Amino acid sequence: MNSKQLESRKRVIEYIKKNPKATYKKIREDLKTHPERIFEKGMAQAYKEAGIKPPRTFDRKTRKERQKIIIDFIKKNPKAGGHTISKEVKINISRVFKNIKEAYKKAGIEYSRKKSYDRPPEEKRKKIIELIRKNPYLTVPELTIKSRAHPYRLFKSFDEIYKKAGVKKISEGEKIKNRKRKDVINFIRRNILATQREINKVCNTHVQTIFKKGIFEAYCEADIKYPFERLKFYGTALKKIKKRAKDFENKIAVILSGYGKVNQLVKTKRGIADIILERKNKKIIVEIKDYQNKDISISQVKQLNKYMEDCNTDIGLLICHRKPIKDKFLIGKNKIFILEKQELNKIPEIC
């Protein structure tokens, strides 16, 4: 074993000591290494050398052993469905039994959903078509649960179901939007004073893109009166935020003027750049973000890159109060650096 492998072993062992419940996948993601390549007996050996009791056994079970685990679970939970069983025992039923019906038979228990097997295919097709007519936004999993039959075993495709139901096809993207709209509406009903930012964060969406009239339409759909009294307060707060952001931009512009010629609010093909710094016969695009409680995201980096492409320059700076862990980006030939205000003295090193 070479020195590089030994070093990797040490890193894995230290990682396990700090994270006693670490999985193989997590080790791969965080350490970028394959435990099975540096430990002859795999993860079991890694935990042993770390002196940590494994969170689960790493021994491979035989087919009979896996069958027994499923059978024992069914005996204790005689009404459990295939999805529930697989999730709880961490074993795929189809790999050890022909189907869920066989698993129940081996357990000596009558399958509680036997009726779904006994129904003729034509009856199942009819049920699926009726459900789609009532609600074209149903997804495959939802349709399977409601009809107690798998659509793709009865139809060639989802397009065929829409055609037979005589309804317009709903794209997957529109189905996701519809589901997000329902999430937002339910959240508003539970939190009638929720702000748009709170809704977006909790529901992991953008209200303004899934509702044509934005937040107002969302409140209308929820049958909740929009709290208009908050708009006055928000307008006042917005003015303060804009003033604070402008003051921050001006402070940065003054500091940057010590490194070259500063041009503020320069129009490009796809927007307005906060600053273009001319230094050593080069143009450096500078974006300034006065975020107090928000982190810099990849969208801000991409926006800066667009300005750089418009101005045909390959160096850009993104200045903020708190930079993310990854503070350097290479997009094609363009280099983007994220700096905090106190790091502006690094500019001579960068360009």
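Owing to the predicted nature of the structure, the values given are computational and were not obtained by experimental measurement.
In this structure, the side chain of Tyr24 does not engage the main chain of His34 through any donor-acceptor pair within 3.5 Å. A donor-acceptor pair under 3.5 Å is absent between the side-chain atoms of Glu349 and the main chain of Lys346, judged by distance alone. With hydrogens and angles disregarded, no donor-acceptor distance shorter than 3.5 Å links the side chain of Arg148 to the backbone of Lys124. Judged by distance alone, with hydrogens and angles left aside, the side-chain atoms of Tyr226 form no donor-acceptor pair with the main-chain N or O of Glu217 at under 3.5 Å.
No donor-acceptor contact under 3.5 angstrom links the side chains of Tyr137 and Glu142, judged on distance only. Counting only N and O atoms by type, the side chains of Asn263 and Glu278 include a donor and acceptor under 3.5 Å apart. There is no side-chain donor-acceptor pair under 3.5 Å between Glu174 and Ser171.
Within 6.0 Å of the NZ atom in Lys283, the count of heavy atoms belonging to other residues, nucleotides or ligands does not exceed 12. In Lys180, the NZ atom is crowded: over 12 heavy atoms of neighbouring residues, nucleotides or ligands sit closer than 6.0 Å. Shown here is Lys335, whose NZ atom has no more than 12 heavy atoms of other residues, nucleotides or ligands within 6.0 Å.
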Side chain to side chain contact (heavy atoms under 4.5 Å, CB included) evaluation trace for Asp314 with Lys282: CA-CA 9 Å; Asp314 59 2; Lys282 287 197 75 173; 3.1 Å; yes
Output a table of donor-acceptor pairs, distance under 3.5 Å, between side-chain atoms of residues 150-159 and any protein atom two or more places apart or on a different chain; print 'none' if there are none.
residue: His150; atom: ND1; partner: Tyr152; partner atom: N; Å: 3.3
residue: Ser157; atom: OG; partner: Asp159; partner atom: N; Å: 3.4
residue: Ser157; atom: OG; partner: Glu160; partner atom: N; Å: 3.4
residue: Asp159; atom: OD1; partner: Lys169; partner atom: NZ; Å: 3.2

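Using a cut-off of 4.0 Å between Lys/Arg side-chain N and Asp/Glu carboxylate O, Glu309 and Arg270 are scored as salt-bridged.
Scanning for ring pair (Phe, Tyr, Trp, His ring centres under 6.0 Å) contacts around His321 gives Phe248, with sequence neighbours left out.
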